[in-house]
Peer 1: 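Have a look at the structure that comes next, please.
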Amino acid sequence: MKYYITTPIFYPNASPHIGTAYTTVAADTFARYHRLKGDDVYFLTGTDENAQKIVRSAESKGLEPRVYVDGIVERFKALWDELDISYDDFIRTTEERHHRVVQKIFTKLYEQGDIYKSEYEGWYCTPCETFWTENKLVDGKCPNPDCGREVELLKEESYFFRLSKYQDALLQYIKNNPDFIQPSSRRNEMIKFIEGGLEDLCVSRTTFQWGIQVPFNPKHVVYVWLDALINYISALDYPDGDLYKRYWPAEVHLMGKDIVRFHAVIWPIILMALDIPLPKLVYGHGWYLSKEGGKISKSRGNVQDSFELIRRYGSDAIRYFLLRDMQAGADGAYSEDNLVERLNSDLANDLGNFVSRSLAMIVKYRGGVIPKGGSSTNLEEELVALSQEVIVKLEERLEAHDPAGALENLWRLVARLNKYVDETAPWTLAKQEDQQARLDTVLHTFAEAIRILGILCSPFMPKLTPKMFQQLGISEDLLLWEEAQCWDALGEGIQVARGEALFPRIDVSQFTVEEEKIAVNEVNVNKNAEESVKMVPSEGVVPEKEDFEPIKEEVSIDDFAKLDFRVAKVLHAEKVEKTDKLLKLEIEVAGKPRTIVSGIAQHYAPEDLVGKHVVIVANLKPAKLRGILSEGMILAASHEGILEVLTLDKDIPGGARVK
Ligand code: MSP
């Protein structure tokens, strides 16, 4: 199956930003998914350079338009490289191959009477590069809800394209092909718009010379939208090129909702007039909005440096956030806080932790060699059934161009896997002689799960999969989509190679950020008591970037003396209901009972702790966790996913000081 996907070609009047990146990252994800499925993919992106606003931006910088755009196009390409955008072609509308096709089409449409010469008198919005009639303006300004800027009055000789002639045919086409424009809300908007009546479109300008000349009247340059839309076939070398024959019509033109109108009205009419097939789908996604609510855009000046964001968080994390946080058919909320929260919760805690703990246990209990799996129980069968359900949904959501829905499903599997670790409690199995075959099955299941997650994550986070495979000790030849269905693909004797944490947890306070930004640790403490336990050093399930945490800043002996460490005897322990990580411990300190809630349930069965003499911080301010007052903190050592509570060998009574 062939799969031709395009992004809009972006105006290089300023560097690309996170909003622009969304469309390109989403298109890349779909392209990668189809390649993995074995489809013949062609992925096109590029830049739209022949616009009047480019001339204005260049002038304001005192540069020739050509010099100006060359610099910015390099920024686009550099950003796409950093984000691992696997485009097959990058078209620039200043290229000769594009000019040639636009001129040929303009001439053909003129010769067949679909383009005619007349005079345009009306308004023009340069930021939107759009013509407006007087009655459409809002308070005399651009009616585009995202713009609202000043418009200019134009009176010039122009060529016009007969949109009106094709109005009925287009309407009929949209009605007969309900999947042509998606999501359906955009389709309904377009139907209404067309039913309101199409006016012929002005398709040339004479007041500036930057652009593609009308071949039979060089006073005119072709209107930028007619010029730009043609990129989707000029890049394929329309009409005789092999690429054109192989890939046209496109499976999908992906774009933001702002420009669906051009793709669902002007573009199909150009194609109808040329008598060539229409693209199968025009998909208009929402926008990323800033904290304040407006669209992230260069003109609003609310963009952050994308290169700096990638440097801070890594390109996979940026991709994950963008893809995960815009629900299908809706807008997404971008802020650096949201990004960090996603990174810490979904990537560091859920995915990263699962991989790190699983590999740590394979190392600890089997010397790093993935054991052969034995007979499975209900737990493994449930897991396999869930993974099959998740893959079906994931594929369905990707086919529907809904990356957020796809990831949401995939993370159901990640959550289930973390639960599987707790349910199977390998640390308990490890202590029982007669449970070694069971432990083998569990560890083998961990390894298969890492491999499967590696495959399923790969369209979304292309840097991650090779890292996961490398840590698992397998080659990238196993990166085959259909292998994600199989839970017994790993041969015997594979040696894992634990590496650095896949997603180190981020503490935003390490960056110079706006003053009002709350460190993510504080956010978590306030938001969710259970989360706050993750900050307790004893919990230790959060992977660290280095092998060891850096030693903290020096403190004085007086500071140290403020902390009161005591021996405590564990009288009773139980799991806190509806949590995976918390244990409620009843302890005795100096003859008095106390309750401590500790995030160690993934490492200890409650009965393992009863009777032990542990060490606690006895004068820590009590805090409520899941409605239970926790009066202190248990000390534990942790490293690479393994955690040991500090205990005393000799029978020193609860209450004794530790100094
Ligand atoms: N040059 C035209 C497109 C011509 S296509 C034949 C254009 N360029 S643009 O640089 O303004 O890019 C607009 C597109 O960038 C949007 O349609 C969308 O794909 C993407 N986005 C720009 N800002 C965005 C957000 N804040 N959020 C999501 N997508 C955003 O229009």
Side-chain angles (χ1 to χ4, degrees), residues 5-28 44-54 57 69 72-73 75-76 79-80 85 90-94 98 101-102 125-130 144-147 186 211 222-235 250 252-268 270-271 279 282-304 306 321-323 325-335 401 403-404:
I5 179 164
T6 67
T7 70
I9 47 172
F10 301 100
Y11 292 126
N13 60 332
S15 289
H17 54 80
I18 217 76
T20 347
Y22 173 73
T23 320
T24 315
V25 166
D28 182 68
L44 176 70
T45 189
T47 40
D48 185 358
E49 308 186 10
N50 303 320
Q52 188 178 7
K53 64 171 156 191
I54 302 280
S57 301
V69 290
I72 296 180
V73 168
R75 300 281 291 170
F76 271 89
L79 184 62
W80 298 161
I85 305 300
F90 187 107
I91 187 154
R92 300 183 54 178
T93 56
T94 44
H98 176 71
V101 177
V102 170
C125 175
T126 308
C128 297
E129 299 288 357
T130 306
N144 176 353
D146 182 46
C147 178
R186 314 253 187 275
V222 176
Y223 168 50
V224 66
W225 269 102
L226 185 83
D227 155 349
L229 290 160
I230 291 173
N231 91 88
Y232 300 130
I233 53 176
S234 68
V252 52
H253 291 315
L254 191 67
M255 69 203 68
K257 58 186 175 182
D258 45 333
I259 58 173
V260 168
R261 191 158 57 90
F262 300 93
H263 288 78
V265 178
I266 305 176
W267 182 225
I270 297 173
L271 296 169
V282 170
Y283 189 98
H285 59 69
W287 288 332
Y288 263 108
L289 307 178
S290 71
K291 244 195 211 148
E292 296 71 36
K295 178 184 172 203
I296 306 257
S297 79
K298 314 163 241 201
S299 56
R300 284 174 190 256
N302 57 5
V303 302
Q304 274 183 291
S306 328
F321 169 79
L322 288 175
L323 295 167
D325 265 43
M326 191 187 294
Q327 306 303 321
D331 291 330
Y334 171 79
S335 75
H401 302 95

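All ligand and atom numbering here is 1-based and tracks the order in the structure.
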Peer 1: Spell out, as yes or no, whether a donor-acceptor pair under 3.5 Å connects the side chain of Y334 to the backbone of W287.
Peer 2: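 Side chain of Y334 to backbone of W287: no pair is present.
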Peer 1: Is a donor on one side and an acceptor on the other found under 3.5 Å between the side chain of T23 and the backbone of M255?
Peer 2: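 Such a contact is absent between T23 side chain and M255 backbone.
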Peer 1: Say whether, by atom type as modelled, one donor and one acceptor occur between the side chain of K53 and the main chain of T126 under 3.5 angstrom.
Peer 2: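 Looks like no, no N/O pair under 3.5 Å.
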Peer 1: Output all residues satisfying ring-ring contact (aromatic ring centres under 6.0 Å, His included) with H285, sequence neighbours left out; order by chain, then residue number.
Peer 2: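 ring-ring contact (aromatic ring centres under 6.0 Å, His included) check on H285 returns Y22.
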Peer 1: Testing F262, Y283, Y232 one by one against H253 for a ring pair (Phe, Tyr, Trp, His ring centres under 6.0 Å), which residue passes?
Peer 2: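 The option that passes is Y232.
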Peer 1: Is a salt bridge present between K295 and D331, judged by a nitrogen-to-oxygen distance below 4.0 Å?
Peer 2: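 A salt bridge is absent here (no side-chain N lies under 4.0 Å from a carboxylate O).
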Peer 1: Contacts table for ligand 1: protein N or O within a distance under 3.5 Å of ligand N or O, distances only.
Peer 2:
residue  : atom   : partner : partner atom : Å
ligand 1 : 1 (N)  : I9      : O            : 2.8
ligand 1 : 1 (N)  : D48     : OD2          : 2.6
ligand 1 : 10 (O) : Y11     : N            : 3.0
ligand 1 : 17 (O) : G256    : N            : 3.0
ligand 1 : 17 (O) : D258    : OD1          : 2.9
ligand 1 : 19 (O) : T23     : OG1          : 2.7
ligand 1 : 19 (O) : G256    : N            : 3.0
ligand 1 : 26 (N) : Y288    : O            : 3.1
ligand 1 : 26 (N) : I296    : O            : 2.9
ligand 1 : 27 (N) : Y288    : N            : 2.8
ligand 1 : 29 (N) : G19     : O            : 3.1

